[in-house]
2 protein chains.
Amino acid sequence: MDSLVRALKALADPIRLRIVEFLRHPQRSCCAREGVVCACDLEEYLGLTQPTISHHMKILVDAGLVQAAKHGRWVYYDLNRQAFASVVGALGHYQTGQLATRQADSATHQDHGGL
Amino acid sequence: MDSLVRALKALADPIRLRIVEFLRHPQRSCCAREGVVCACDLEEYLGLTQPTISHHMKILVDAGLVQAAKHGRWVYYDLNRQAFASVVGALGHYQTGQLATRQADSATHQDHGGL
DNA sequence: TAGACAGATAGACATTAATCGATCTTAGAG
DNA sequence: CTCTAAGATCGATTAATGTCTATCTGTCTA
């Protein structure tokens, strides 16, 4: 699957958007270090079961949007800002461009195929 | 549903990404006007049936990413660049920010709950 | 008004995706 | 080595999604 589609699919879910928002602004941490998030933090924050969290994190990691670093028994997650930049760059093409002249009218439109 | 999630869901599909790309660069047109795209153009371009095109266009329009203008029997579609700008703005938060100091190590990590 | 055509809607079907309980794997503690 | 805990994987279930055929609605034309 195209990497852009994969990234967009990964982001097109309210749970996973909450996850990336949490990764940007960790609100609690069982891990005694600022800016570090482990899966258990998300489990508590989201109120979902551990397999479900694991499922969502796999999707985000496979999409390249989140990096996972295993330390002993824990896995620390962090945003991959470069991947977000790629998505923003791809979608940015659609926010600018020729300011289309919106003055089409049906007078210019013949039947298709002409029959 | 949150408008950002709705927009991302709308974009998280290869067919719909092809549609918005087509709207940006129309490659043919049964409508005799540059920069104008009607549903029949997409039907030919994508090789899908008319109801399927209609379905995808409804999703894109409902998400605000595409504007539909009905002219007689035809519907002309155009990108809503402002909506794309909103998505880009929202995702842009994740491509920049504190350059997290990635030096966490398990030595700082006690068992959860402390028992 | 009747026919033709663009597009929307309805219903059916197949595929994908989200979620959970149960289990497995792996790593630190004792 | 054994126990415990974090996280991954498996299997099942349910919900959401994409696609089609058939049909309906609205508009233009003769």
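Both backbone and side-chain heavy atoms feed into the values below; hydrogens, waters and symmetry mates do not. Lettering follows sequence order; numbering is per chain, from 1.
In the set D/dG7, D/dT4, D/dG26, D/dG26 carries the atom at the smallest distance from any side-chain atom of B/Arg73. With D/dT17, D/dG7, C/dG7 as the choices, the nucleotide that has an atom nearest any side-chain atom of A/Cys38 turns out to be D/dG7.
When rounded to the nearest whole Å, the span between CG of A/Asp41 and C1' of D/dG7 equals 14 Å. Rounded to an integer number of Å, the gap from A/Leu48 CG to D/dG7 P is 15 Å. At whole-Å resolution of the value, CD1 in B/Ile19 and P in D/dG18 are 11 Å apart. Between the NZ atom of A/Lys70 and the P atom of D/dA8 there is a distance of 8 Å, rounded to whole Å. We find that OH of B/Tyr77 is positioned 13 Å from P of C/dA6, with the value rounded to whole Å. Going from atom CH2 of A/Trp74 over to atom P of D/dA8 covers 14 Å, rounded to whole Å. Between the CD atom of A/Glu43 and the P atom of D/dA8 there is a distance of 11 Å, rounded to whole Å. Following rounding to the nearest Å, A/Asp13 (CG) and C/dT19 (C1') show an atom-to-atom distance of 11 Å.
Within the 4.0 angstrom heavy-atom criterion, only backbone atoms of the sugar-phosphate kind lie near B/Ile59; the bases stay farther away.
Side chains of A/Tyr94 and B/Glu21: a donor on one and an acceptor on the other come within 3.5 Å.
Note on residues 8-18 of chain B: pairs passing side chain to side chain donor-acceptor pair (under 3.5 Å), not counting sequence neighbours, are B/Arg16-B/His56. Pairs engaging residues 54-64 of chain A under the salt bridge (Lys or Arg N to Asp or Glu O under 4.0 Å) rule: A/Lys58-A/Asp62 [sequence neighbours left out].
Residues that satisfy the side-chain contact (heavy atoms from CB on, under 4.5 Å) test with A/Ala90, not counting sequence neighbours, are A/Leu4. Remark: A/Ala39 engages A/Tyr77 in a side-chain contact (heavy atoms from CB on, under 4.5 Å) (not counting sequence neighbours). Not counting sequence neighbours, the partners of B/Thr49 by the side-chain hydrogen bond (donor to acceptor under 3.5 Å, both in side chains) test are B/Thr52. With sequence neighbours excluded, no residue forms a salt bridge (charged side-chain N to carboxylate O under 4.0 Å, His left out) with A/Glu43. Considering only residues two or more places apart in sequence or on other chains, B/Gln82 meets the side-chain hydrogen bond (donor to acceptor under 3.5 Å, both in side chains) condition with none of them.
Near DNA chain D, meaning a heavy atom under 4.0 Å from it, residues 49-58 of chain B has B/Thr49, B/Pro51, B/Thr52, B/His55, B/His56 in order of number.
Where pairing requires Watson-Crick or G-U contacts shorter than 3.5 Å, the helical stems of DNA chain D with at least three consecutive pairs are C:1-30 with D:1-30.
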Practice problem: Kindly determine whether B/Phe84 and B/Leu11 satisfy side chain to side chain contact (heavy atoms under 4.5 Å, CB included), including the steps that lead there. | Solution: CA-CA 10 Å; B/Phe84 280 90; B/Leu11 292 171; 3.9 Å; yes
